[in-house]
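All figures in this text were calculated on a predicted structure; none of them were measured in a lab. Labels below follow one simple rule: chain letters A, B, ... track the order of the sequence lines, proteins then strands, and each chain is numbered from 1.
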Amino acid sequence: AEPFTVAIAANLKYVFDDLAAEFKQETGIEAQSVLNASGKIATQVRQGAPFDVFMSADMEFPEGLYKEGFAVTAPKPYAYGLLVLWSQTGADLSKGVAGLTDAAIGKVAIANPKLAPFGKQALKAMEFYKVKVALEPKLVYGESITQVSQYVDSKAVDVGFSAKSIVVAPETTGKGKWVAVPEESYEPIAQGVVILKHGIDNNADAARKFYGFVQSEKARAIFAKNGYKLP
Amino acid sequence: MCGARNQTGVTDMGMGEIQARFHLARPSFTLDVDLTLPGRGITVLFGPSGSGKTTLLRCIAGLEQPREGYLRFQGERWQEDAYCLPTHRRPIGYVFQEASLFPHLTVLENLRFGLRRNTQARPADLEAAIALLELTPLLGRNPANLSGGERQRVAMARALAVRPRLLLMDEPLAALDYARKQEILPYLERLHDNLDIPLLYVSHAHDEVARLADHIVMLQAGRVLAQGPLLETLAQLDTPIRLGEDSGVVLQAQVSELDQEWHLMRLAFDGGSVWTRQRDLPLGRQLRVHIQARDVSVAIRPQTDSSIQNQLQGVVDAMAIDTHPGVMLIRVKVGASVLIARLTKRSASTLGITVGQSVWLQVKSVALME
Amino acid sequence: MCGARNQTGVTDMGMGEIQARFHLARPSFTLDVDLTLPGRGITVLFGPSGSGKTTLLRCIAGLEQPREGYLRFQGERWQEDAYCLPTHRRPIGYVFQEASLFPHLTVLENLRFGLRRNTQARPADLEAAIALLELTPLLGRNPANLSGGERQRVAMARALAVRPRLLLMDEPLAALDYARKQEILPYLERLHDNLDIPLLYVSHAHDEVARLADHIVMLQAGRVLAQGPLLETLAQLDTPIRLGEDSGVVLQAQVSELDQEWHLMRLAFDGGSVWTRQRDLPLGRQLRVHIQARDVSVAIRPQTDSSIQNQLQGVVDAMAIDTHPGVMLIRVKVGASVLIARLTKRSASTLGITVGQSVWLQVKSVALME
Amino acid sequence: MLSIEDIQTIWLTIKLASLVTLLLLIIGTPVAWWLVRSRVWWKGLVASVVALPLVLPPSVLGFYLLLAMGPQGPLGKLTQATGLGSLPFTFWGLVLASVLYSLPFMVQPLHTAFEAIGERPLEVAATLRASPLDTFFSVVVPMSWPGFLTAAMLTFAHTVGEFGVVLMIGGNVPGQTRVASVQIYDHVEALEYSQAHTLAAVMLLFSFLVLLALHVWRTQPNRGY
Amino acid sequence: MLSIEDIQTIWLTIKLASLVTLLLLIIGTPVAWWLVRSRVWWKGLVASVVALPLVLPPSVLGFYLLLAMGPQGPLGKLTQATGLGSLPFTFWGLVLASVLYSLPFMVQPLHTAFEAIGERPLEVAATLRASPLDTFFSVVVPMSWPGFLTAAMLTFAHTVGEFGVVLMIGGNVPGQTRVASVQIYDHVEALEYSQAHTLAAVMLLFSFLVLLALHVWRTQPNRGY
Ligand SMILES: Nc1ncnc2c1ncn2[C@@H]1O[C@H](COP(=O)(O)OP(=O)(O)OP(=O)(O)O)[C@@H](O)[C@H]1O
Ligand SMILES: Nc1ncnc2c1ncn2[C@@H]1O[C@H](COP(=O)(O)OP(=O)(O)OP(=O)(O)O)[C@@H](O)[C@H]1O
Ligand code: MOO
Ligand SMILES: [Mg+2]
Ligand SMILES: [Mg+2]
């Protein structure tokens with residue numbers, strides 16, 4: 001039989017290793033991951049990609065797939081992404097988003113608001129603090145939230161709007177400073193999961209089990225540990 | 001080049017001849033020839049620089065696509081209307097005016113290139129060509145590391161090694177020194193005696209023309225000015241072919257006597273004989289002798305006590321002005337043969353030479369060519 | 001090529017000479033020469049194919065980097081130990097053995113290439129070269145569309161147009177026909193008379209050697225076999241230089257009489273005179289005549305009633321065997337001059353010719369070269 | 001250090017790049033030769049179209065290729081009708097996409113190299129009985145050796161580094177379409193920088209050695225070319 | 001239809017690609033010539049290093065370039081010390097990155113073309129008083145014209161299509177570093193397919209015309225080359 005394949009949004013890469021290990025222990029089923037940007041996964045699914053379950057970085061892509069019949073379950077949020085401000089150049093983050101207008105702070109990176117939900121929410125937070133116009137000249141746009149992390153990591157920007165899941169990851173601990181963006185200033189990013197038509201046709205059992213597993217307590221614990229807010 | 005259409009030359013009634021008719025127009029030059037060349041022997045293409053010698057050879061090889069072309073080789077159709085036998089199907093050997101060796105192959109690989117592609121060719125031919133042209137020490141070399149003459153020798157051997165049925169050579173000996181030419185010319189002569197391969201040969205060198213040509217084609221500005229068997233053509237005093245200082249006649253002769261003591265031999269021709277330096281030739285051997293007009297002097301009485309020992313009696317047949325107004329050529333019948341002498345007009349006048357007069361021709365023995 | 005180091009040739013006490021010493025080792029060839037060439041006139045490099053003529057020219061041009069090299073041109077240091085004047089700083093004109101035109105330039109652009117880069121050069125020189133070599137109809141053409149001879153003419157004009165102080169020519173006339181050679185040779189002669197440019201000339205053609213050379217260098221297998229002024233060298237019977245059929249001497253002569261009626265002129269040299277075809281030359285004009293041994297016959301008495309009108313009395317000075325055992329050369333002193341005659345041994349024996357004997361030489365007037 | 005997965009991706013990369021280079025040698029050579037020899041007026045159009053894939057961003061090109069190769073696309077319909085099955089997300093789909101994308105890197109240098117040979121060697125070969133095909137292999141190919149090496153180097157290196165098209169068409173399936181460039185991307189996305197650096201360093205070193213070997217071979221004095 | 005923003009990105013792309021092509025002509029030409037003429041043993045190493053940027057996935061290469069050009073990177077320190085300021089997220093940063101990334105597309109075809117000229121034309125030029133530099137411009141450059149065109153075409157097309165490096169270094173800043181390739185990508189990612197198709201079509205058409213013009217120029221019979 002075909003291996004059971006889960007297409008995952010790029011930001012889930014390291015969480016997934018924990019999830020898959022746990023899932024294997026529980027069910028004995030090996031879940032293989034295919035990583036890509038959520039939008040690209042959606043496009044590939046429409047073109048017949050052999051993916052069984054899709055864990056997106058937002059709700060819109062799985063929603064679209066469901067409406068068009070490529071997904072067989074309505075999308076369900078499995079976790080919420082949280083915004084943080086991250087710096088490795090020693091910028092002063094104590095004044096939060098409002099303090100980014102300080103002349104001592106140079107470039108600020110956000111994910112492309114057109115493409116990435118994290119970017120959209122970052123703009124929302126800036127609007128909330130009424131600094132959007134003032135910050136505009138400082139902004140640079142990453143393709144995804146990971147690229148924002150690379151900008152921070154390379155110290156090419158002073159501050160980036162990153163995800164909490166990234167700054168708490170073992171790979172980044174101890175690198176610079178981060179502060180959470182208060183949740184009242186934006187909407188935490190709902191990330192949805194769906195079973196795909198290919199999954200039902202080819203790996204129905206594994207797909208259903210995994211779909212259930214993602215919402216289980218064990219999985220929730222893993223998400224929480226990795227910096228996601230739980231539904 | 002001729003398109004690689006997949007037809008083969010349809011064979012006709014064999015006629016042993018080469019019939020060539022080409023019309024090829026270029027911005028500043030038009031080749032327009034209609035020739036019937038003998039199917040054996042050596043035909044020399046002669047003419048000033050830019051007269052179309054190379055272009056004509058290329059047409060015959062199928063390397064040019066003339067607007068109008070008709071070519072039949074020994075009855076085989078090589079070109080006619082839209083039909084054109086591709087070059088690689090023509091059993092030719094071609095020596096280009098520039099040696100054109102393959103730069104990516106060694107000398108030996110160059111030589112083997114055609115051999116490998118031709119079932120007719122025998123390795124022995126290649127070995128003979130290598131020996132003749134003294135290529136053994138060069139075989140492993142790169143063409144870029146050869147001297148000009150060495151390159152040309154390799155190109156000749158390469159063309160000879162494919163055992164062609166028609167040899168096309170564009171000034172193959174131009175870069176070679178006298179001694180080497182003297183070695184190669186007899187080989188080309190033998191080739192022509194033994195193998196019956198017709199050879200079209202472009203040359204500017206009068207000694208090559210005189211020595212090799214059976215047939216001569218004179219080109220000028222893309223047109224044929226004159227053509228014919230060498231002997232006839234050279235004996236015509238009013239021919240437009242001027243071999244410069246080398247006007248003369250070629251006689252068919254036979255070794256008729258050997259003088260071992262003085263290393264001389266007597267060559268008999270129809271109407272007389274001349275003594276010349278001995279060569280390693282057997283009695284009875286047929287050969288051609290070239291007697292240049294400049295080496296023939298005229299007397300109205302036999303001359304004695306002179307080192308000129310070849311004296312022939314004959315009758316003045318025709319007289320003509322040469323290229324210079326002070327000089328003239330006279331044609332003298334010696335038996336069935338014809339010789340040409342050059343002398344100043346003043347001498348002709350002083351001696352009172354007229355057509356029909358009996359004269360003594362003096363030929364310096366050493367000036368004969370074998 | 002010589003490295004483009006930024007030194008300039010240091011000028012020495014001018015000596016008007018070319019001193020050249022090169023040692024260049026290649027896998028199968030070693031050039032090892034030590035020459036002093038005259039700083040004016042024409043020096044012909046002569047030798048069999050592969051003897052190193054091209055390599056020597058390239059060393060002089062600075063295109064080869066010999067392991068040991070020493071070169072001084074008219075007192076200027078061009079090469080010595082590690083020092084080497086880069087080619088583009090040497091005031092030379094070079095005609096390569098293969099025409100080597102720039103394929104991306106038209107004929108005219110090729111000709112102008114050197115002109116533009118040389119403040120010494122004058123456009124008039126280029127115009128003269130274009131006229132002489134009849135290049136006007138070719139000026140707009142692409143080198144790829146030229147015939148072999150046309151390419152070579154363009155290459156010659158290109159080298160002449162830079163007004164060099166030393167001309168290096170590698171068989172420049174090899175691809176040219178007789179008539180064209182006859183036009184270009186006088187130009188090269190004049191060049192040498194008027195401009196005082198020394199010319200190093202590689203040639204296989206004996207007529208070119210005889211006609212052009214003041215000095216001759218004979219190369220064999222990378223070494224100098226013989227060298228010296230042409231007149232001396234050719235008059236030495238035991239010289240290793242064998243110009244094949246063209247052995248002979250060159251005499252300095254003067255136009256001393258014109259016969260307008262018969263279009264003849266008399267050329268006087270030290271010890272005698274000969275009649276030859278008239279040329280467009282004034283009375284008193286100095287020139288060189290080449291008398292080939294094959295055109296001289298020997299008699300022990302004056303001859304009459306013969307078309308040979310030039311008879312010279314002299315004394316046999318030396319006798320030697322020629323390349324062929326049946327033939328010999330004899331040297332005859334005519335006044336202060338020396339002539340060489342070739343005759344068969346049998347004739348020599350029959351006539352009883354010995355050293356010290358008085359003889360009559362017959363020279364066919366038309367065989368003289370101007 | 002490198003994980004077994006990393007090594008698998010390297011192996012897949014070498015397989016893909018070698019295969020693409022080989023296929024492009026087979027496809028690109030006649031295309032380039034045709035571009036040099038043909039006298040039709042529209043060959044300029046073809047030459048330009050060949051270079052076009054380059055100007056699209058790889059992932060966008062990948063998107064269009066995916067549309068073409070997908071079940072509704074013209075290419076997809078064709079492959080399914082002919083029983084070849086679906087190409088996207090398979091190794092052969094990757095190969096096809098890379099071939100299309102790297103075509104100009106093969107064709108352009110060969111075009112230049114073929115042009116530089118000129119007429120004369122072809123004429124000489126014809127007078128020595130070599131058919132046009134024979135001449136091509138025995139004269140044109142060896143004489144344009146440096147051009148072939150340049151073309152192969154550019155194609156190989158470009159296929160190794162390619163990633164936008166590969167990710168789109170291949171779908172990052174382990175063991176099938178997850179080549180090293182995608183794996184490096186994965187590592188970077190997971191902020192596993194040290195793994196990313198190691199894998200990148202290995203790829204660089206390997207490619208450096210391949211390129212160096214090709215270069216040394218090319219300039220070897222006594223190869224006779 | 002195209003929005004004003006789209007047109008701005010096209011303009012930026014043309015500016016970037018032209019500038020990069022021009023700069024690479026200036027930089028790549030001496031590098032390629034040196035590779036052909038030099039006799040030092042380590043030139044093979046240099047030749048291989050020149051081609052190396054190709055084998056890294058563009059976004060990874062972009063990341064390394066970003067590290068180098070960032071305030072702590074060696075290049076960044078240099079530009080800041082010399083008063084050139086910070087390069088990432090600026091147009092000139094893009095130019096620099098593209099130049100590095102496209103270097104092999106310029107150098108490799110030129111290398112092949114220069115090699116094909118051989119010694120003789122250089123020798124002839126020297127006997128006609130042309131200095132080595134003069135010879136280079138009056139003989140080598142015109143004789144390797146097709147190589148220059150190939151190199152310029154590949155470089156131009158590749159820079160137009162490049163996107164991984166550009167996105168990373170440029171930071172997608174409108175009017176400064178948001179070139180057409182990034183814009184098309186954004187449209188596709190945002191599912192704005194019709195805008196993506198239009199912009200892609202315009203870029204394709206434009207590039208096609210540029211390539212076609214170069215090609216026609218190259219094969220024009222009476223250019224004398
Ligand atoms: N490819 C070409 N395109 C245009 N004209 C050409 C081409 N090749 C030769 N010609 C011209 O055609 C004429 C004949 O050239 P061809 O090469 O046949 O002369 P040739 O008799 O061989 O002269 P040579 O003895 O100098 O080699 C010349 O005037 C030459 O300029
Ligand atoms: N680049 C080279 N590398 C190695 N050997 C060479 C090279 N060029 C020439 N030779 C050899 O050096 C010798 C002399 O060559 P050169 O070209 O000087 O001869 P040449 O006297 O000019 O002959 P030709 O009259 O045939 O032109 C020849 O044996 C030749 O094979
Ligand atoms: O789909 Mo993502 O995780 O926003 O790059
Ligand atoms: Mg010719
Ligand atoms: Mg030579």
- Message: Test side chain to side chain contact (heavy atoms under 4.5 Å, CB included) on Thr146(A) and Tyr185(D); report intermediate values, then the result.
- Response: CA-CA 10 Å; Thr146(A) 337; Tyr185(D) 166 81; over 6 Å; no

- Task: Return yes when atom CZ of Arg208(A) has more than 12 non-hydrogen atoms of other residues, nucleotides or ligands closer than 6.0 Å, and no otherwise.
- Result: no

- Got a second to check how far Tyr193(D)'s OH is from Glu171(A)'s CD, nearest 0.5 Å? 10.0 Å

- Query: If you count the non-hydrogen atoms of other residues, nucleotides and ligands that lie under 6.0 Å from NZ in Lys177(A), is the total more than 12?
  - Reply: yes

- Is a side-chain donor or acceptor of Gln47(A) paired with a backbone partner of Ile169(D) at a separation under 3.5 angstrom? no

- Can you tell me if NZ on Lys120(A) sees more than 12 non-hydrogen neighbours from other groups inside 6.0 Å? no

- Query: Gln32(A) side chain to Pro174(D) main-chain N or O, any donor-acceptor pair under 3.5 Å?
  - Reply: no

- Message: If I measure from the heavy atoms of chain D, does Gln150(A) come under 4.5 Å with its side chain, its backbone, both, or neither?
- Response: both

- Atom group of Phe16(A) that falls short of 4.5 Å from chain D, counting heavy atoms: neither

- Item | Closest approach of Leu167(D) to Leu35(A) (non-hydrogen atoms, all atoms of both residues) | CD1-O, 4.2 Å

- Message: Please determine whether the number of non-hydrogen atoms from other residues, nucleotides or ligands lying under 6.0 Å from atom NZ of Lys218(A) exceeds 12.
- Response: no

- Message: Return the CG to CE distance between Asn36(A) and Met168(D), rounded to the nearest 0.5 Å.
- Response: 7.5 Å

- Contacting moiety of Ile166(A), where chain D heavy atoms sit under 4.5 Å: both

